[in-house]
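Structure record follows, encoded as structure tokens.
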Amino acid sequence: QKEVEQNSGPLSVPEGAIASLNCTYSDRGSQSFFWYRQYSGKSPELIMSIYSNGDKEDGRFTAQLNKASQYVSLLIRDSQPSDSATYLCAVPYSSASKIIFGSGTRLSIRP
Amino acid sequence: DVKVTQSSRYLVKRTGEKVFLECVQDMDHENMFWYRQDPGLGLRLIYFSYDVKMKEKGDIPEGYSVSREKKERFSLILESASTNQTSMYLCASTPWTGTYSNQPQHFGDGTRLSIL
């Protein structure tokens, strides 16, 4: 079992709809969870951090965390063509200064 | 804002050459990382450093070495470049806050390296 798992996609969502991206992780001791957006040919860009169970909202983005289920998700409301990118879920090791990245979900917003 | 600067965006080298990739961060971060990213394989950790002159192997260290002589600078060295090292190389940094695992990594723009 991979330590951080994401559906690779591609996930195709119509413009204006909600895109839902999911991630599961295996380290029960993990305390921090991050979502990165990566455009083709560019480096990953941090878009959300979440540390506590529940929802965290930032503009059109909402991160949801459920530590009991070892599950973190990212919702993008009112999806725009500019949201088309690969989204990486990242979970730091609980016992080292390293981060495990999921393989990413490719999101495509169709006009 | 954290600034991580990689010395080159694009680099073309020949097989057998010794290649240096440089990374500098301006936020006094203790931890620095080198990754490579290939289609379908995601981000793979090559080496990381948690202090000056300290280094640890990541998941794919073979064929690479690193140097950290100053806190702000972390260099990746391809001892004898091979075509299978053609890739996007990403440098990242994060601070040490007294505990593990609560800080995101900040990435440079990446270096697209081609070995001919």
Side-chain angles (χ1 to χ4, degrees), chain A residues 2-10 21 23 25-52 56 58 61 63 65 67 70 72 74 85-106, chain B residues 1-6 8-10 23 25 29-51 54-61 74 87-113:
Chain A
K2 288 186 181 177
E3 294 172 282
V4 176
E5 290 208 51
Q6 296 181 254
N7 188 326
S8 62
L21 306 165
C23 173
Y25 61 94
S26 61
D27 184 352
R28 286 196 168 274
S30 296
Q31 298 296 317
S32 312
F33 306 87
F34 309 113
W35 283 99
Y36 289 80
R37 177 177 61 200
Q38 186 174 24
Y39 293 115
S40 181
K42 303 294 187 181
S43 63
E45 171 194 12
L46 180 70
I47 55 171
M48 287 289 281
S49 304
I50 187 165
Y51 302 94
S52 304
K56 178 183 176 183
D58 184 0
F61 298 99
L65 174 61
K67 290 184 180 179
Q70 296 174 252
V72 58
L74 179 71
T86 296
Y87 289 80
L88 303 173
C89 174
V91 182
Y93 280 103
S94 59
S95 58
S97 293
K98 296 193 295 183
I99 290 180
I100 309 168
F101 287 87
S103 55
T105 297
R106 190 155 51 96
Chain B
D1 270 0
V2 178
K3 184 68 175 176
V4 179
T5 303
Q6 294 183 231
S8 305
R9 287 283 283 127
Y10 301 94
C23 176
Q25 49 91 8
H29 286 175
E30 286 76 13
N31 302 312
M32 296 187 75
F33 306 81
W34 275 107
Y35 295 89
R36 65 177 282 178
Q37 188 174 34
D38 302 286
L41 296 177
L43 278 165
R44 293 183 290 170
L45 181 63
I46 304 171
Y47 266 99
F48 70 102
S49 168
Y50 50 89
D51 202 351
M54 306 301 287
K55 62 185 179 184
E56 281 199 27
K57 293 180 180 179
D59 301 318
I60 51 162
F74 191 34
S87 187
M88 169 73 99
Y89 289 87
L90 291 159
C91 175
S93 73
T94 189
W96 167 251
T97 58
T99 63
Y100 295 116
S101 81
N102 62 352
Q103 295 296 319
Q105 293 189 356
H106 301 271
F107 286 88
D109 288 338
T111 296
R112 188 164 293 281
L113 175 65

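The sequence lines fix the lettering, A, B, ..., with proteins before strands; numbering per chain opens at 1. Bear in mind the structure is a predicted one, so any value in this text is a computation, not a measurement. Note that these values count all heavy atoms, side chains included, but never hydrogens, waters or copies made by symmetry.
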Gap between atom [atom2] of [Y] and atom [atom1] of [X] - 0.5 Å precision:
{"X": "A:Ile99", "Y": "B:Tyr35", "atom1": "CD1", "atom2": "OH", "answer": "6.0 Å"}
{"X": "B:Gln37", "Y": "A:Thr86", "atom1": "CD", "atom2": "OG1", "answer": "8.5 Å"}
{"X": "B:Leu90", "Y": "A:Lys42", "atom1": "CG", "atom2": "NZ", "answer": "12.5 Å"}

Side chain / backbone / both / neither for [X] at chain A, heavy atoms under 4.5 Å:
{"X": "B:Leu45", "value": "side chain"}
{"X": "B:Tyr50", "value": "neither"}
{"X": "B:Asp109", "value": "both"}

Do other residues, nucleotides or ligands put more than 12 heavy atoms under 6.0 Å from A:Lys67 NZ?
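Atom NZ in A:Lys67 is crowded, with more than 12 foreign heavy atoms closer than 6.0 Å.
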
Taking atom CZ of B:Arg44 as the centre, does the number of heavy atoms from other residues, nucleotides or ligands within less than 6.0 Å exceed 12?
yes

Do the side chains of [Y] and [X] get nearer than 4.5 Å, heavy atoms only?
{"X": "B:Gln105", "Y": "A:Phe34", "result": "no"}
{"X": "B:Thr94", "Y": "A:Pro92", "result": "no"}
{"X": "B:Phe107", "Y": "A:Gln38", "result": "no"}

Sort A:Ile100 into side chain, backbone, both or neither according to what part of it lies under 4.5 angstrom from a heavy atom of chain B.
neither

Could you tell me which of A:Ser43, A:Ala90, A:Ser8 has the largest number of non-hydrogen atom pairs under 4.5 Å with chain B?
A:Ser43

